[in-house]
Amino acid sequence: MFEAKLTEGLILKKIVESIKDIVTDVNIDISPSGISLQAMDSSHVALVSLNLSMDGFEHYRADTNMVLGVSIANLAKVMKLADNNDQITLQADQEATHLKIIFENPKTERTTEFNLNLITIDSEHLAIPETEYSSVVTINSGEFSKICKELFSLSETVQITTNTDYVQFSVEGEVGSGQVRLGHNDSEKKEDQTILEVSESVQQQFAIRYLNMFNKASTLSSFTRLCLHQEQPLVVEFKIDNLGVLKYFLAPKISD
Amino acid sequence: MSGQQSIMKFFGSK
């Protein structure tokens, strides 16, 4: 038996919106300590990893580990039934064939229920090695979204360079070439801060269209954390207050 | 996509 109730259901709605363009069918792993999922995009360039702790739920019960195979596209359609102020409860029996999703609005007394059919997914679970990232950049999520969006209109690829003084996003395309450079900024206004933690400089190239898809999660968190290592995929991380973390991994491009 | 590496190159199967 699994049951989890989230008071701020909007968070779950936003999570589904933030991953639906990247992954299609996903195994959701339920454990007594929380909910997690890991899935690659169809071209095996990016990987989504979500971890939600039971502590963030108003009520959480999972007697055993369970795997719930879900079509994210269909889950997104069901989530559209939810009002932004709804509480969301997820329920599944042992050996379940469907996931029951209940939306409740205590103010308007409206309740919506949907039984989403589960599917069997044969997906590969990848082992993500523990990595000591040599550059970690914490940046306002809205600002990072904007930078990626605008640069994508100029080039498909961005080169991210870090050093102890700044992080630089540079593009080169038919239109021309240029860069956005952000220095370390720990101003009093927290939302303006850009925090650089660089032990070793990194220079890598990435497909901007993936970054734009990841940035849908910017509504979940005021800050985006970029973790870089010269030999590893980029991690774009969004912390979800009191509940967990949504991470996207993106394999770098190599210059021709 | 030219020059695009696969995520599977970095993360092995469990």
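Every heavy atom of this structure was used, including side-chain atoms; hydrogens, water molecules and symmetry mates were not.
- With rounding to the nearest 0.5 angstrom, the OH atom of Y210(A) is 10.0 Å from the CD1 atom of I7(B).
- Contact detail for V45(A) and Q5(B): the closest heavy-atom pair is CG2-O, 4.1 Å.
- Taking all atoms of both residues into account, the shortest heavy-atom contact from F11(B) to L126(A) is O-CD2, 3.7 Å.
- A pairwise comparison of heavy atoms in A251(A) and S6(B) identifies CB-C, 3.8 Å as the closest pair.
- Using a 4.5 Å cut-off between heavy atoms, E231(A) touches chain B through its backbone atoms (N, CA, C, O) alone.
- Within 6.0 Å of the CD atom in E150(A), the count of heavy atoms belonging to other residues, nucleotides or ligands exceeds 12.
- Within 6.0 Å of CD in E132(A) there are 12 or fewer heavy atoms belonging to other residues, nucleotides or ligands.
- Counting non-hydrogen atoms of neighbouring residues, nucleotides and ligands closer than 6.0 angstrom, the CD atom of Q179(A) exceeds 12 such neighbours.
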